[in-house]
Amino acid sequence: MGHWLDRFIARTQGGVTDNDTVDIASPFSCPAQPKDDALSTVSLSVNGVAVKTPQGVISHPEVGHTVVVDFETRNAGDCKLKPSGAWRYAADPATEILTLTYHVAGEYHLWTPALPCPPLASLAADPAITFVSHAGFEQAIWHHLMVGRYGFLPIPVARWHDTQAACAYFALPLDLERALSALNLPVTKDKEGRRLVLSLARPNRKTGEFPEITPEIRERVAAYNRADVEGTIAIETALGRLPKRERRVWGLDQTINQRGIGIDLDFVHAAKKIADQQFGEAIEEFRKLTDLNPTQVEKVRNWLCENGTELEDLRAETIEETLKIELSPEARRVLEIRSRIASTSLKKLDAILACVGSDGRARGLLQYHGATPGRWVGRLVQPQNFPRPSVTIEDPEELVAAIKTGDADALRKWGEPIEVLVSSLRHAIAAQGDALLGAGDFETIEARVVLSLASQHDKVELLESGADVYRDVAADIFRLDDKAAYLAIDKKEMTPEQSETRQIGKNTVLGCGFGLGWKGFRDKYCKDDDSLAQRIINTYRTEWAPKVPQLWYDLERTAIRAMQNPGVIVAAACGVRYRLETKAELPFLVCQVLNGKKFHYANAQLEMREGDWGKRPAVTYWAIKDHHWRKVFAWHGHLTENVVQALARELLVDAMFRFEERGFPVVLTVHDEIVVEHPAITEDLVKEIMSERPQWAVEIELPVAVEAWSGRRYRK
DNA sequence: GTACTCTGCGCC
DNA sequence: AAACGGCGCAGAGTAC
């Protein structure tokens with residue numbers, strides 16, 4: 001092993017190179033259980049004037065430098081928190097604060113908008129004080145209401161700590177209640193309080209008036225409010241602060257979420273007008289034929305069955321196949337409409353309108369460390385799953401101009417109007433003022449990382465040489481008659497069908513890299529052909545990339561050894577290390593990748609499992625799965641995927657910091673893609689900034705390739 | 001009304 | 001020597 005691995009091990013001998021040190025203020029230390037009961041504290045400390053701590057006596061160095069805050073609010077208008085997000089909601093003039101509970105120096109205090117509050121004001125003014133809250137809501141309310149309406153001083157991001165970000169980092173549930181429960185901390189379930197707060201944001205059905213906030217109601221809300229502060233303190237005490245580098249990443253996340261991304265509202269309104277009209281017509285026609293809604297899956301299936309067409313499901317692919325055979329005209333029409341209507345992508349237009357601010361920017365679209373290995377996940381508009389265009393047009397502005405006419409017929413020269421709209425959805429995002437968007441993505445990054453980690457260098461080189469391995473694999477899967485001709489097509493000249501075939505080849509290479517079995521492959525790509533699926537999977541594992549399966553099994557063995565030896569760092573051949581640690585009295589399997597970045601498997605256990613190959617140990621952990629906190633098996637493919645995604649995320653984060661340092665504000669990230677907004681951004685600059693490699697990538701001989709563009713509008 | 005499950009769809 | 005890729009959202013239907 002005379003290569004990078006030796007150097008790596010030599011460099012890191014003696015333990016974990018830990019970049020995970022705490023960098024802000026002092027650890028939080030105050031009792032999770034208050035001494036006083038809720039109501040006495042509430043009534044005795046309204047607006048910060050505590051009986052035991054008279055106004056003016058609170059001196060900041062003695063309070064642990066920390067204030068834990070939680071707001072209860074309502075909107076006596078039509079702005080809803082969930083679709084609008086915290087920033088639009090907080091900026092809405094009809095949003096009002098019901099109560100603010102804050103905890104400082106071991107005591108709970110209540111603030112309401114009625115009175116000034118000198119102690120709270122001086123806490124906000126003191127740069128040494130950190131404000132702690134669960135999620136970004138409190139920051140948004142502070143900015144728009146406490147500062148904007150009540151004259152408190154602003155609290156910059158650097159002075160906030162987010163317990164939800166800590167939950168995300170440790171791969172715990174993000175909502176307060178389930179995070180507490182996962183950590184075995186006491187959970188206060190105040191369903192009545194919750195109902196009360198919700199009811200205050202709804203007008204009375206008879207009178208149409210919003211409920212009046214009486215002192216009694218406010219007192220009840222305050223009790224509910226206090227429970228959330230208690231919960232936030234409990235999380236803070238259990239998890240502490242983010243490690244240094246992650247604290248920086250979170251700070252960048254907050255900056256991106258708060259700066260928002262530019263929206264072309266004229267475009268969105270016009271697109272929505274066409275979409276509503278087209279959907280309206282299609283649904284009406286569908287109703288005439290079936291007396292049903294196209295979205296009623298089970299009922300539509302029954303209707304089709306009664307009309308002579310039996311379908312196992314109504315997925316687009318199934319419908320596409322069915323349309324190839326002979327059908328009654330009615331059934332054909334029903335299927336055509338259904339497949340068009342089923343795409344809910346155009347709902348993004350509504351999602352954009354719900355969360356965009358009065359300055360035309362949408363905020364809060366990303367969740368820090370949303371996935372186990374640390375990638376962001378999308379929120380509100382879900383900017384990470386914009387449809388890839390099926391209709392491609394040289395100049396987006398021509399298409400945008402056509403959509404802005406609001407006339408569906410203006411789109412027909414490119415195709416069916418709904419399909420054209422779906423294809424153009426990304427263009428709703430646009431640079432503002434004289435700025436441009438610049439975007440770059442790391443080409444085939446996951447395949448490169450997994451092959452590099454596995455030391456399958458011949459295939460890394462193949463990818464680097466620009467060979468289209470995806471098309472190569474696709475040609476095999478679909479047994480294309482003229483493979484050479486397919487490989488020879490210029491990528492930009494490919495028909496949608498040819499691109500789609502290539503996309504399947506891409507998914508295959510990715511899936512195979514992460515342990516996809518032949519049955520899984522068969523069900524996805526070749527339903528009736530066991531032997532083809534077996535052949536392809538077998539070829540990948542034994543001929544194409546034989547070192548990759550070794551990587552899987554090594555990672556799994558290493559994780560199991562770490563589980564068997566609590567506290568001991570166990571390294572895999574690729575340099576990735578695992579250790580079973582205890583955090584908040586729970587076992588966490590910690591995985592540390594090549595640059596020191598850690599990610600976590602909460603409540604990890606070793607379990608003997610009966611499989612096809614006899615009884616063997618398996619790692620289990622707990623994660624949110626289908627909205628539930630439940631046990632999950634960490635099988636080899638899963639462990640490998642997590643490691644690869646963590647490394648890909650680190651490359652991305654490094655590049656995001658480089659953009660910011662060079663003055664190019666990042667406005668979006670989509671896993672392997674970064675979007676910045678600046679008048680001077682160019683394709684070449686994006687490539688230059690993103691192509692720089694960190695030392696670890698050089699050491700594992702991981703080449704990065706960046707595909708980039710710049711322009712006024714977001715596009716693929 | 002709210003919470004949950006299921007189907008379906010989109011991206012990486 | 002060997003499985004189940006990850007993620008969020010919309011809408012329908014159901015239970016409470």
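Letters A, B, ... are given to chains in the order of the sequence lines, protein chains preceding strands, and every chain is numbered from 1.
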Q: Would you check if A:V356 and A:R88 make a side-chain contact, meaning some heavy-atom pair closer than 4.5 Å?
A: yes
Q) With respect to the phosphate group of C:dG13, does any side-chain polar atom (N or O) of A:K299 fall under 4.0 Å of OP1 or OP2? A) yes
Q: Please state whether the phosphate of B:dT2, meaning OP1 or OP2, lies under 4.0 angstrom from any side-chain nitrogen or oxygen of A:K191.
A: no
Q) Considering heavy-atom distances to DNA chain B, does A:R315 or A:L198 have its closest nucleotide positioned more toward the 5' end? A) A:L198
Q) Can you check whether A:L81 reaches A:N75 side chain to side chain, under 4.5 Å on heavy atoms? A) no
Q. Under 3.5 Å, side chain of A:S181 to main-chain N/O of A:E177, donor-acceptor pair present?
A. no
**Q.** Atom pair distance, as rounded to whole Å: CD in A:E298 and P in B:dC6
**A.** 13 Å
Q) Of the nucleotides B:dC12, B:dC4, B:dT2, which one has an atom closest to the side chain of A:H628? A) B:dC4
Q.
Whole angstroms only, please: what is the CD1-P distance between A:I537 and C:dC4?
A. 9 Å
Q) When you measure from every atom of DNA chain B, which of residues 376-386 of chain A have a heavy atom less than 4.0 Å away? A) A:Q382, A:Q384, A:N385, A:F386
(Q) If I take atom CZ in residue A:R301 and atom P in nucleotide C:dG11, what distance separates them, rounded to the nearest angstrom? (A) 21 Å
(Q) So, does A:K716 get its side chain near the phosphate of B:dC12, meaning an N or O under 4.0 Å from OP1 or OP2? (A) yes
Q | Side-chain heavy atoms of A:E446 within contact of A:H671, under 4.5 Å | A | no
Q: Would you please confirm or rule out a distance under 4.0 Å between OP1 or OP2 of C:dC4 and any side-chain N or O of A:R522?
A: no
Q: Assign A:Q367 to base, sugar-phosphate, or nothing according to its heavy-atom contacts below 4.0 angstrom with the strands shown.
A: nothing
Q) How is A:R194 classified with respect to the nucleic acid when contacts are heavy atoms under 4.0 Å: base, sugar-phosphate, or nothing? A) sugar-phosphate
Q: Would you mind reading off the distance between A:R616 atom CZ and C:dA3 atom P, rounded to a whole angstrom?
A: 10 Å
Q.
Quick check: do A:D190 and A:R220 have side-chain heavy atoms less than 4.5 Å from each other?
A. yes
Q: Can you sort out the partners of A:H636 under ring pair (Phe, Tyr, Trp, His ring centres under 6.0 Å), two or more places apart, ordered by chain and number?
A: A:W552, A:Y553
Q: Evaluate the criterion side chain to side chain donor-acceptor pair (under 3.5 Å) for residue pair A:Y89 and A:T73; output intermediate values, then yes/no.
A: CA-CA 10 Å; A:Y89 177 85; A:T73 66; 2.9 Å; yes
Q: Output, in order, the C-alpha distance, side-chain angles, deciding distance and verdict of salt bridge (Lys or Arg N to Asp or Glu O under 4.0 Å) for A:R448 and A:E443.
A: CA-CA 9 Å; A:R448 287 162 187 253; A:E443 280 180 66; 5.3 Å; no
Q: Determine the contact category for A:R338: base if any of its heavy atoms lies under 4.0 Å from a base atom, sugar-phosphate if only primed atoms, P, OP1 or OP2 are that close, otherwise nothing.
A: sugar-phosphate
Q. Which nucleotide sits closest to the side chain of A:P387: B:dT5, B:dG10, C:dG5?
A. B:dG10
Q.
If the cut-off is 4.0 Å, is A:R609 near the phosphate of C:dA3, judged by side-chain N/O to OP1 or OP2?
A. no
Q.
Heavy-atom nearest nucleotide on DNA chain C for A:Y553 versus A:H638: which residue maps closer to 5'?
A. A:Y553
Q. Are any of the side-chain heavy atoms of A:C574 and A:S452 separated by less than 4.5 Å?
A. no
Q.
Looking at the base of C:dA2, is there any donor atom on it, or on the side chain of A:R541, that sits under 3.5 Å from an acceptor on the other one?
A. no
Q: To the nearest Å, give me how far apart CG (A:L425) and P (B:dC9) are.
A: 16 Å
(Q) Does A:L314 reach a base, just sugar-phosphate, or nothing at all? Heavy atoms under 4.0 Å. (A) sugar-phosphate
Q. Rounded to the Å, how far apart are A:L651 CG and B:dC12 P?
A. 17 Å
Q. Hey, is A:R287 close enough to A:E284 for a salt bridge, meaning N to O under 4.0 Å?
A. no
Q: Identify which nucleotide among B:dC11, C:dA10, C:dA2 has an atom closest to any side-chain atom of A:R426, counting heavy atoms from C-beta outward.
A: B:dC11
Q) A:I283 has an atom CD1; how far is it from atom C1' of C:dA10, in whole Å? A) 13 Å
Q) Which nucleotide in the list B:dC12, C:dC4, B:dC4 gets nearest to the side chain of A:D672? A) B:dC12
Q) Is the distance from OP1 or OP2 of C:dG11 to the nearest side-chain N or O of A:K347 less than 4.0 Å? A) yes
Q. Is there a side-chain contact between A:L380 and A:R363, using heavy atoms and a 4.5 Å cut-off?
A. no
Q) What is the distance, rounded to the nearest whole Å, between atom NZ of A:K348 and atom P of C:dG8? A) 13 Å
Q) Base, sugar-phosphate, or nothing for A:G517, non-hydrogen atoms under 4.0 angstrom? A) sugar-phosphate
**Q.** Options C:dA10, C:dA2, B:dT2, nucleotide nearest the side-chain atoms of A:T344
**A.** C:dA10
Q: Using atom types as modelled and distance alone, determine if a side-chain donor or acceptor of A:R338 lies under 3.5 Å from a backbone N or O of A:V297.
A: no
Q. A:F633 has a side chain; which of B:dT2, C:dG6, C:dA3 sits nearest to it?
A. C:dA3
Q.
Any base atoms under 4.0 Å from A:E641, or only sugar-phosphate, or nothing? Heavy atoms, all strands.
A. base
Q: Give one of base, sugar-phosphate or nothing for A:G520, where a contact means two heavy atoms less than 4.0 Å apart.
A: sugar-phosphate
(Q) Using the side-chain heavy atoms of A:T372, tell me which of these nucleotides is nearest: C:dA3, C:dC7, B:dC11. (A) C:dC7
Q) Heavy-atom contacts under 4.0 Å between residues 72-84 of chain A and DNA chain C, which residues? A) none
Q) Out of C:dA12, C:dG13, C:dC7, which has the shortest distance to the side chain of A:T295? A) C:dA12
